[in-house]
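This report concerns only the one structure given below.
Chain A is the first sequence line, chain B the second, and so forth, proteins listed ahead of strands; every chain is numbered from 1. Here the structure is a predicted model, which is why all the values come from computation and not from measurement.
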2 protein chains.
Amino acid sequence: MTQVDGLSRRERQIMDIIYERSEATVADVRGALPEPPSYSAVRALLRILEEKGHLQHRQDGPRYVYLATVPYRQARESAMRRVLRTFFGGSASRAVAALLDMEADNLSEDELQHLAGLVDEARKKGR
Amino acid sequence: MTQVDGLSRRERQIMDIIYERSEATVADVRGALPEPPSYSAVRALLRILEEKGHLQHRQDGPRYVYLATVPYRQARESAMRRVLRTFFGGSASRAVAALLDMEADNLSEDELQHLAGLVDEARKKGR
DNA sequence: CTTAGCATGCTAAGATATTAGCACTGAGAT
DNA sequence: ATCTCAGTGCTAATATCTTAGCATGCTAAG
């Protein structure tokens, strides 16, 4: 999901978990995995992801805390563009329409008002 | 990217290509792959994806045309929800905001107007 | 001081994915 | 008729991913 490509199944799961939580320890990652493999297995994956340059870690007391090397926003944009291309022919407006359609019931009046403002702002900027 | 998970790197690439084009022949898929492996390799992947139930094929003259078994809309929603969860804490409005921010310059006045209408509609539906 | 718990370093086996190669078939061109 | 091209069926080797296991060090409790 994350960025370009080249990640395997587990690797991708792990990257997603890390982006979802900003950073995570081995135990965090393991706890978030659907059918968690052994502690060792998770550690190995994290090490490999670090070798490949997707992750880095810092020491927090006795344990490692992993975080992504590609900044959050950049990864997010990359993921969005990919969905855009794959499912919306690259059209952001079609994607927004789909989101509104999917989530209309879960959006509060406040949120909708805010979005209306953003759309308006974009229109002003356009001309 | 597509649905739940469990796809390997190439498998995922191929599924994305198929969703992007609705359907595709072996040559189509191979042509769309970044660093295309042999024709045989692509065929093998397609066969495996079909075995796993992600694809099906029909005969078109002498060749196979592959298409996804999971309907387009469902796969699309699944992919969206995944990005939502991973990068937007599940918030659709944050995702919409990011899309507008990313693509503001590429959105036409017509599209923006249309979106404004959709937001308005959602607000009416809400109350 | 010694033990138990929890963390990492390192290594190797096992499972899967990825690729290529060869055999076969059918259609159209010479 | 036969040659060649473009397709599929099938199989096997290679690469990569995924997992587990053992050794080690550090810290806190008994």
Roughly, in whole Å, what's the span from CD in B/Glu35 to P in C/dT18? 14 Å
Base contacts versus sugar-phosphate-only contacts with protein, heavy atoms under 4.0 Å: please encode nucleotides 1-10 of chain C as B, S and - from 5' to 3'. ------SBBB
Using the side-chain hydrogen bond (donor to acceptor under 3.5 Å, both in side chains) criterion, which residues pair with A/Lys52? Sequence neighbours excluded. A/Glu11
Ring-plane angle category for B/Tyr64 and B/His57, please: parallel below 30°, perpendicular beyond 60°, tilted otherwise. parallel
Under the side-chain hydrogen bond (donor to acceptor under 3.5 Å, both in side chains) rule, collect the residues that match up with A/Glu23, sequence neighbours excluded. A/Arg58
What residues form a ring pair (Phe, Tyr, Trp, His ring centres under 6.0 Å) with A/His114, not counting sequence neighbours? none
Within the 4.0 Å limit for protein heavy atoms, which parts of nucleotides 24-30 of chain C are touched? Write it as a string from 5' to 3', B for base, S for sugar-phosphate only, - for none. -------
Among residues two or more places apart or on two chains, list those pairs meeting salt bridge (Lys or Arg N to Asp or Glu O under 4.0 Å) that have a residue in residues 107-122 of chain A. A/Glu109-B/Arg123, A/Asp120-A/Lys124
Interatomic distance, A/Leu33 CG vs D/dT18 C1' [rounded to whole Å]: 12 Å
B/Asp28 CG - D/dG7 P separation (whole Å): 10 Å
Beyond-backbone contact of B/Arg94 with B/Phe87, side-chain heavy atoms, under 4.5 angstrom: no
Output all residues satisfying ring pair (Phe, Tyr, Trp, His ring centres under 6.0 Å) with B/Tyr39, sequence neighbours left out; order by chain, then residue number. none
Not counting sequence neighbours, which residues clear salt bridge (Lys or Arg N to Asp or Glu O under 4.0 Å) with B/Glu20? List them please. A/Arg85
Quick one: A/Glu51 CD to C/dT11 P, roughly how many Å, whole number? 12 Å
With sequence neighbours left out, the residues meeting side-chain hydrogen bond (donor to acceptor under 3.5 Å, both in side chains) with A/Glu77 are A/Arg81
Using the side-chain hydrogen bond (donor to acceptor under 3.5 Å, both in side chains) criterion, which residues pair with A/Glu51? Sequence neighbours excluded. A/Arg47
Sorted by first residue and then second, give each salt bridge (Lys or Arg N to Asp or Glu O under 4.0 Å) pair with at least one member in residues 24-39 of chain A; sequence neighbours left out. A/Arg21-A/Asp28
Sort out the partner of D/dA6 for me: Watson-Crick or G-U wobble, both distances under 3.5 Å, none otherwise. C/dT25
Identify the pairs formed between an N or O of the protein and an N or O of nucleotides 14-17 of chain C at a distance under 3.5 Å, and give each distance.
| residue | atom | partner | partner atom | Å |
| --- | --- | --- | --- | --- |
| C/dA17 | OP1 | B/Lys52 | NZ | 3.1 |
| C/dA17 | O3' | B/Ser8 | OG | 3.3 |

